[in-house]
Amino acid sequence: MGAPAVESRPGGAQPPGGAPSTRIAVHGLTKTYTRRDGTTVRAVDDLTLDVDAGEFLVLLGPSGCGKTTLLRALAGLESVQAGRIELDGRLVDDPAAKVRVPTERRGLSMMFQSYALWPHKTVAQNVEYPLTTRRIGRTERADRVRSVLDAVGVGRLAGQYPGALSGGQQQRVALARSLVAGDGIVLFDEPLSNVDARVREQLRTEIRRLHTEIGFTAVYVTHDQEEALTLATRLLVLRDGRIAQSGPPAEVYLRPADSGVARFMGAGNEVTGVLCGGVVSSTVGSIEGEAVPGVAEGAEVVAFSRPETWYFDPPPGVRNRWRGTLVSTAFVGPVSEHTVALPGEVSVRVRTLGATGPDVGAEVEVGVPADAVRVLPVDPT
Amino acid sequence: MTRLRSPFALVVGLLGVLVVVLVGYPLLRTVGGIVLDWSTFAAAAEEVVAAPNLLPMLGSTALVLGVSTVLAVVIAALFAWLSERTTARLGWLAGVLPVVSLLVPSIAGAIGWVLLASPKAGFLNVALRELGVPVVLDVFSWPGLIGVYTLYLVPQVYLPVSAALADLDPALEEAARVSGRGPWRTLATVTLPVVRPAILSGALLALVYGVALFSVPLIIGTQARIDILSVEIVRLLTTEFPPRLPQAIVLSVVVLLVLGAAWAVNARVLRGGRFATIGGKSTGDRRIELGRTGTIVTRVGMVGYLLVAAVLPFGALVVVSLQGFWSGRLTGPFSFENYADVFGSAGSTFAGLRNSLVLGLLCATVGMALALLLAWRIGRGGGWARVLDATTKLPGALSHVVIAVALVAAFAGPPFALGGSLLLLVLAYLVLYLPQATLSAQSSFATVGGELTEASLVAGEGPAGTLRRISAPLMTRGLLAGWVFLFVLVVGDITASAILASTRTPVVGFVILGLFQNGTYPTLAALGAIITVVSSVVVLAALALRRSA
Ligand SMILES: Nc1ncnc2c1ncn2[C@@H]1O[C@H](COP(=O)(O)OP(=O)(O)O)[C@@H](O)[C@H]1O
Ligand SMILES: [Mg+2]
């Protein structure tokens, strides 16, 4: 069958000159489950995807959209019904050609949600384990274990058993174990969902630093959009087992492909209307914005904008501007969020820094630049 | 999908086939025998049905089993609840209670109760007489027989019910308490209904075990003139000459039909209702406060059960084994002569003891190794895994008597000619206790399954290496428990031993039966005490080892 894992490990994978090479290629992947009542679920539905060397790809989406299934299919922990998966150019899954390389020969690393540290092995033994299955000498193994444990900040715990560690420490050990094999492909399944917010933020920063230092290729699953935005070099939003949008984090956030993605990525102002002469005509008047490709004249659309792109007393160049009443203000620390009622039964949220902004009940003028408004089809396709 | 056929997977596959053949062939062969030789069996069936004692025997068997199963369910469910869900728990006692019947094998317990409560010379009756209490306990009676049955059925129910209760999410009970129910109403309206599947399967286990229980009805029922099915089947095969296999098979089919009906009822009930999923995580150690009186009553009850089930019968065995004859008094002269007899001249006694210990070690080790591999294969899923799963549980659904009879029918005669050989005994023990072995291996797999093993596969270690380096070490405790269970079951076995052993291949169960028919109570007591001590030492050593592991 395939070449042994050791030979397909990176090092040789990245061609000289630093041009990105494809490390994961997924084509037409489909995985269905049959529920106990006989209905079938397409957890991953005809999905095509490439991941280049050094990318940090984050899979984001609501619970049940197929993130875990896709990740486990890459690892060979789930068998798929159709499609192909190639890792470093090696075909590892193709039901049509009856190819299925077992998990242990895929040469991957993975960090599990439950950490999955083996309680009968010490921290050092846990971290060393992936190296013992690859042909690496004893002293080099010890060196690499020590340096990766130091890198994640738990070098002093090498001799401890996992049972004696705190949740955050266990997580660091699990991270060390998934990174010890070098600049390979590392899969993460919501690895930070079990620790408190502070530890989560620390680890997030550290994973990003290690990614820059080591240069591994990551596929990272999360349902937390803030985590996704911080970590990703590329963001992939999944919905019902299909790709809803893929691109750099800022683009997905600021230029969502449809209202589903837009809403999932964070709060927004939505005004429905009809696309008419390049502008959205709505109850509040006409709104200028940037229409996503494929929206036809006369179609029902949503003008979508983020609250932080709105102004009170907008500068002269802004043509989307209305007078209204400030209905309420919520102070949430770094920002304040104001709700403004506009004519035509439209209400919008406006964000300002700190505790600034007009008083409740005041007559105000608000506005949003045209390049901050996305014109989206009403129903996500 | 191509699966790489590693040598390891191949070996496991072969072992699986072997086990399926070993379990399936005797049963098919027996059924086939009936079909092929229909006239013989028709005649045998007619003879069995025409026998005047058939109906009374079936009736008394049903009565004894029915009443003792119900009693066992009540006692066991109560004990399990008290020790898992309330503050009345007595630490060490909760650990010992389920294994009491392993400490004192049923044959020793039955003899112990004869020594305690036979009307004339029973220790308890002598004591009552001397205290001037005008009450005579008679173990050779309906209540006596049912009582001793119950003692041996309680642990069968206690194990599954206490496991279910230990996993029960305390919030379920707390919700009932908050809604204004007292501890007893909570027990009745929430706790017991939620663990009903476990109670039912415990009752079923008790029934299956009770149908095959042979030592108690032999030793107590015979003298009480209460005919029990298991004794009759063994008699047809061992005391009649030539052995009347067809008649024994016909009676076994009756057992099979009854058990089949019980399984069907159980399956229906389980399928019918949706039961609350029991939270896997026990959230802390929140228990129901029972109060002082409740705690004291509970502990007295548990200690009382322990006395009745283990301490008193074992004490009686020890005392009588040290006496020249059974007087019913705790007076000397005491000597070790009876033990000398067991180990000395009376050739087959010592040989039986030695054979049983060797077979116990052998079968427990082979059995658990086999169970580990089979459980691993079952865990990998697929159609074959389902076949293996069902096959390894099948002996648990049948009565030991049925299986032993089927093994005789299949292997004793040509072409195998294993009748009266140790190999046949080994095969029988392996088949009989396959359900216990695979169940304990599977349940310990369940605790180390999921991401712990997946993490090893992702790290590049294959299935065999993952089993060796990750799963098996993590399962040590569970496997050890399974090993002890098998060892004690084999050493204390009497049903299969009575049917399959011979004077050339004596085992403890076989020797004890011989002594019961021709020997004296003191020698019997000595042998009973010895196997009790051997079983207890192994069980307690393993408990200690588990705690330190
Ligand atoms: N073993 C299974 N059997 C049946 N359905 C499943 C199974 N595992 C996942 N699913 C279904 O597949 C879909 C995707 O699940 P999953 O990949 O776990 O979602 P996510 O990780 O994005 O929350 C869900 O609808 C889920 O109910
Ligand atoms: Mg998931």
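Throughout, protein chains are lettered first and strands after them, A, B, ... in sequence-line order, and every chain is numbered starting at 1.
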A/K31: which residues meet the salt bridge (Lys or Arg N to Asp or Glu O under 4.0 Å) condition with it, sequence neighbours left out?
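Once residues adjacent in sequence are excluded, the partners of A/K31 under the salt bridge (Lys or Arg N to Asp or Glu O under 4.0 Å) criterion are A/E78.
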Side chain to side chain contact (heavy atoms under 4.5 Å, CB included), that's the test. Do B/R469 and A/W118 meet it? Break it down for me.
CA-CA 10 Å; B/R469 296 176 65 187; A/W118 301 299; over 6 Å; no
Looking at chain B, which one of A/T132, A/D93, A/T103, A/L131 has the largest number of heavy-atom pairs inside 4.5 Å, strictly under?
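Most heavy-atom pairs within the cutoff with chain B belong to A/T103.
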Polar side-chain atom of B/E451 near backbone of A/F112 as donor-acceptor pair, under 3.5 Å
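Checking the backbone N and O of A/F112 against the side chain of B/E451, no donor-acceptor pair under 3.5 Å is found.
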Interchain contact, A/L187 with chain B, by part (heavy-atom threshold 4.5 Å)
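It is neither, since no heavy atom gets under 4.5 Å.
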Can you tell which of B/G465, B/S456, B/P473 has the highest number of heavy-atom pairs within less than 4.5 Å of chain A?
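Looking at each of B/G465, B/S456, B/P473 in turn, B/S456 comes out on top.
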Among B/I470, B/L457, B/V458, single out the residue with the greatest number of heavy-atom pairs under 4.5 Å to chain A.
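Most heavy-atom pairs within the cutoff with chain A belong to B/I470.
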Take B/E454 and A/R72, measure what side chain to side chain contact (heavy atoms under 4.5 Å, CB included) needs, and give me the verdict at the end.
CA-CA 10 Å; B/E454 286 173 2; A/R72 289 172 60 85; 2.8 Å; yes
Does A/H120, at its NE2 atom, have more than 12 non-hydrogen atoms belonging to other residues, nucleotides or ligands within less than 6.0 Å?
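Atom NE2 in A/H120 is crowded, with more than 12 foreign heavy atoms closer than 6.0 Å.
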